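Predicted, not measured: the structure shown is a model, and the values here were computed from it. Naming: A, B, ... by sequence-line order, numbering from 1 per chain.
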Amino acid sequence: FTEDEAQEFVQRVKRFLGLAEGDPVELVAEPKIDGLSVALRYEAGRLAQGATRGDGVVGEDVTANLRTLKDVPERLHGSRIPATLEVRGEVFMTKADFLKLNQDQEKDSKPPFANPRNAAAGSLRQLDPRITASRRLSAFFYAEGELSEPIAGTQWDFLEALRELGFRTNPIAELCPSIEAALAVCRKLAETRARLAYDIDGVVYKVNDWALQRRLGFVSRAPRWALAHKFAAERAMTRLNDIVIQVGRTGTLTPVAELEPVTVGGVVVSRATLHNEDEIARKDVRVGDTVIVQRAGDVIPQIVGIVESKRPKGAQPFAFPAKCPVCGSHAVREPGEVARRCTGGLVCAAQAVERLRHFVSRNAFDIEGLGRKHIEAFFEAGLLKNPAGIFKLHERRAELEGREGWGPQSTGNLMRAIEERRK
DNA sequence: GTATGGAGAGGTTCGGTTCT
DNA sequence: AGAACCGAACCTCTCCATAC
């Protein structure tokens with residue numbers, strides 16, 4: 001975020017590579033587009049598959065929709081076409097196309113989209129590719145995935161190779177001989193971003209030489225050879241109306257701030273996590289305070305701090321409850337732990353429900369059609385007490401089907417989803 | 001029988017915190 | 001150090017219930 005951190009990044013790179021302070025390391029500075037990342041796979045020069053990449057591993061298959069983008073070539077161009085080629089890029093909507101789309105939405109008396117990124121993400125998830133086609137999405141490509149043969153030795157040459165193959169790349173990327181030059185690019189973009197046709201949220205610096213990139217490698221999922229230098233996030237002031245306590249699967253009590261709704265960075269924010277007891281004390285957040293909020297990474301609402309001069313007279317420090325707000329059991333904080341936990345265990349409805357939610361989640365048993373609300377309702381009605389009960393639900397099918405909001409279709413779907421996981 | 005609205009689910013975005 | 005998990009907002013899709 002600061003220029004110092006960018007300097008530090010290059011120092012780290014040099015140290016890792018065993019280079020001297022004065023040795024040059026070439027960087028490529030590319031604007032960080034505020035869109036959604038996609039991966040395209042080409043086999044024998046033809047588009048075979050396109051997907052979003054939610055967590056960096058797998059994503060939704062949106063091939064048919066991606067085919068409708070003018071920036072996604074159906075066939076690769078040129079004479080040097082690799083047998084298989086995977087490229088990553090960013091799909092986005094220009095500000096002009098976004099405004100036009102919202103005008104059309106208004107004309108059709110449909111709700112407007114909140115911002116270009118959400119509009120782009122929504123457009124790409126359409127079932128009917130014709131709708132996607134009508135939405136005017138754009139894309140820039142900038143990274144390699146699986147490659148059957150090397151097509152470049154540096155990032156800069158790779159971008160050139162991508163263009164020759166028929167991909168659109170961002171024309172304002174720059175090859176920089178040093179971090180100073182890269183920072184100059186960043187400063188220039190910070191000034192001119194408002195005039196760009198699309199939203200950017202920062203600049204990415206990449207070590208140009210792929211051989212060096214390979215030596216640098218990754219720390220968990222983050223490459224050591226790249227740094228995302230983000231612009232300062234937009235901030236807003238609002239009132240903190242209340243602090244409520246949520247109870248998680250393991251009994252952890254998590255405080256959440258309820259805010260007077262305020263628009264920040266294109267969306268309306270009304271809640272923000274305060275993480276834990278210590279965090280509240282550290283920031284000295286009190287009910288009634290005026291707080292400054294931003295969206296971390298331009299996504300997650302976050303309380304940056306308070307405006308002390310606006311504190312109402314008599315505002316008291318927040319007293320963290322010593323009892324679970326759901327079941328009334330003692331909430332204790334073990335020495336060395338940050339969290340205060342409800343000791344109710346399975347007696348606590350919140351914990352039981354959270355356990356069930358976890359059980360059906362995608363990372364566990366992955367049972368479709370059983371979300372928070374239904375689990376809460378089933379628990380309340382005594383239809384479901386623990387994970388094992390899920391596999392006994394079919395015995396109470398008639399009861400289930402009689403419930404409000406449930407019909408033969410939804411019940412059938414749920415039974416099928418459970419049966420599928422029984423094996 | 002058909003259109004419309006609402007609720008719920010699930011997926012996407014990302015950073016921060018905590019656990020292993 | 002690395003992975004898991006959580007949080008908030010938005011969007012689409014599916015299904016049920018209601019109105020006509």
Side-chain angles (χ1 to χ4, degrees), chain A residues 1 32-38 51-62 65 90-92 105 109-128 131-132 135 199 201-202 218-222 224 228 230 233 246-250 252 254-259 261-276 278-279 293-303 336-339 341 354 357-358 360-364 366-377 401 403-414 417:
Chain A
F1 212 74
K32 193 170 183 314
I33 311 288
D34 193 15
L36 60 158
S37 65
V38 294
T52 61
R53 324 185 39 87
D55 52 1
V57 196
V58 262
E60 260 180 85
D61 187 335
V62 285
N65 288 341
E90 198 82 2
V91 170
F92 62 96
Q105 288 284 106
S109 53
K110 288 186 197 152
F113 289 93
N115 55 56
R117 183 175 56 200
N118 287 345
S123 301
L124 210 53
R125 293 195 61 224
Q126 295 288 335
L127 284 188
D128 183 352
I131 300 182
T132 308
R135 291 284 174 83
D199 285 331
D201 52 11
F218 288 73
V219 192
S220 88
R221 226 175 254 144
R224 253 191 293 254
K230 298 220 176 177
Q246 295 185 351
V247 185
R249 171 168 55 108
T250 53
T252 314
T254 305
V256 177
E258 305 225 303
L259 307 166
V262 63
T263 301
V264 196
V267 305
V268 178
V269 167
S270 53
R271 294 161 64 89
T273 179
L274 287 167
H275 299 297
N276 55 52
D278 290 357
E279 179 74 8
V293 294
Q294 68 176 18
R295 296 205 300 149
D298 281 325
V299 180
I300 310 296
Q302 179 187 41
I303 291 183
E337 291 237 306
V338 186
R341 287 199 159 81
E354 288 304 311
R357 289 219 311 142
H358 184 255
V360 302
S361 72
R362 194 149 81 130
N363 294 327
D366 192 16
I367 294 171
E368 242 176 88
L370 247 196
R372 147 169 262 138
K373 296 286 181 182
H374 286 145
I375 289 178
E376 275 174 11
E401 216 167 304
R403 295 182 64 81
E404 186 161 333
W406 287 83
Q409 184 71 41
S410 46
T411 315
N413 286 352
L414 178 58

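- Judged by distance alone, with hydrogens and angles left aside, the side-chain atoms of Thr132(A) form a donor-acceptor pair with the main-chain N or O of Ser123(A) at under 3.5 Å.
- With the nearest nucleotide of DNA chain C identified for both Ile131(A) and Thr411(A), Ile131(A) has the one nearer the 5' end.
- The CD1-P distance, from Ile303(A) to dG16(B), rounds to 15 Å in whole Å.
- When all heavy atoms of Ala272(A) and Ile303(A) are compared, the closest pair comes out as CB-CG1, 4.1 Å.
- Pairing each heavy atom of His275(A) with each of Pro255(A), the nearest pair is O-CD, 3.5 Å.
- Contact annotation: Lys230(A) side-chain N/O to dC14(B) OP1/OP2 distance is not under 4.0 Å.
- How far CG of Asn413(A) is from CG of Leu370(A): 11.5 Å, rounded to the nearest 0.5 Å.
- Counting to the nearest Å, the C1' atom of dC14(B) and the CD atom of Gln302(A) are 11 Å from each other.
- For Glu90(A) and dT13(B), the CD to C1' distance is 10 Å, given to the nearest whole Å.
- If you measure from atom CG of Asp278(A) to atom C1' of dT17(B), you get 12 Å, rounded to the nearest angstrom.
- Within the 4.5 Å cutoff, side-chain heavy atoms of Leu124(A) are placed close to those of Val38(A).
- Rounded to the nearest 0.5 angstrom, Ile33(A) CD1 and Arg117(A) CZ are separated by 12.5 Å.
- Arg224(A) places its CZ atom 8 Å from the P atom of dG2(C), with the value rounded to the nearest Å.
- Distances shown here put a side-chain N or O of His358(A) below 4.0 Å from the OP1 or OP2 atom of dC5(C).
- Look at CD1 on Ile33(A): it is 17 Å from C1' on dC14(B), rounded to the nearest Å.
- The phosphate of dT14(C) has neither OP1 nor OP2 within less than 4.0 Å of any side-chain N or O from Asn413(A).
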Polar pairs (N or O, both sides) under 3.5 Å between protein and nucleotides 2-8 of chain B?
from, atom 1, to, atom 2, distance (Å)
dG8(B), O3', His374(A), ND1, 3.4

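- Residues Asn276(A) and Thr252(A) fail the side-chain proximity criterion, which asks for heavy atoms closer than 4.5 Å.
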Every protein N/O within reach of nucleotides 9-11 of chain C N/O, cut-off under 3.5 Å:
from, atom 1, to, atom 2, distance (Å)
dA9(C), OP1, Ser270(A), N, 2.4
dA9(C), OP1, Ser270(A), OG, 3.1
dA9(C), OP1, Arg271(A), N, 3.1
dC10(C), OP1, Val268(A), N, 3.3
dC10(C), O3', Asn118(A), ND2, 3.2
dC11(C), OP1, Ala114(A), N, 2.7

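- A distance of 11.0 Å separates NE2 of His374(A) from CD of Glu376(A), quoted to the nearest 0.5 Å.
- Axis angle, first five pairs versus last five pairs of the helix from dG1(B)-dC20(C) to dT20(B)-dA1(C): 30°, rounded to 10°.
- The phosphate of dG7(C) has OP1 or OP2 within less than 4.0 Å of a side-chain N or O from Gln246(A).
- Between the CG atom of Asn65(A) and the CD1 atom of Ile131(A) there is a distance of 9.0 Å, given to the nearest 0.5 Å.
- Across the protein-nucleic acid pair, Ile367(A) atom CD1 and dG10(B) atom C1' stand 15 Å apart, rounded to whole Å.
- Between Asp201(A) atom CG and Lys32(A) atom NZ the span is 4.5 Å, to the nearest 0.5 Å.
- Here Thr273(A) does not reach the OP1 or OP2 of dC6(C): none of its side-chain N or O atoms lies under 4.0 Å away.
- Where Lys32(A) and Asn276(A) each meet DNA chain B at their nearest nucleotide, the meeting point lying more 5' is that of Lys32(A).
- Protein atom CG of Asp34(A) is 11 Å distant from nucleotide atom C1' of dC14(B), rounded to whole Å.
- The shortest non-hydrogen separation linking Val247(A) to Glu354(A) is O-CG, 3.6 Å.
- When each of Gly248(A) and Ser410(A) is assigned the nucleotide of DNA chain C bearing its nearest heavy atom, the one mapping closer to the 5' terminus is Gly248(A).
- Under the 4.5 Å side-chain criterion, counting only non-hydrogen atoms from C-beta, Pro261(A) is in contact with Val268(A).
- Positionally, the nearest nucleotide of DNA chain B for Leu36(A) lies more toward the 5' end than for the other of Glu279(A) and Leu36(A).
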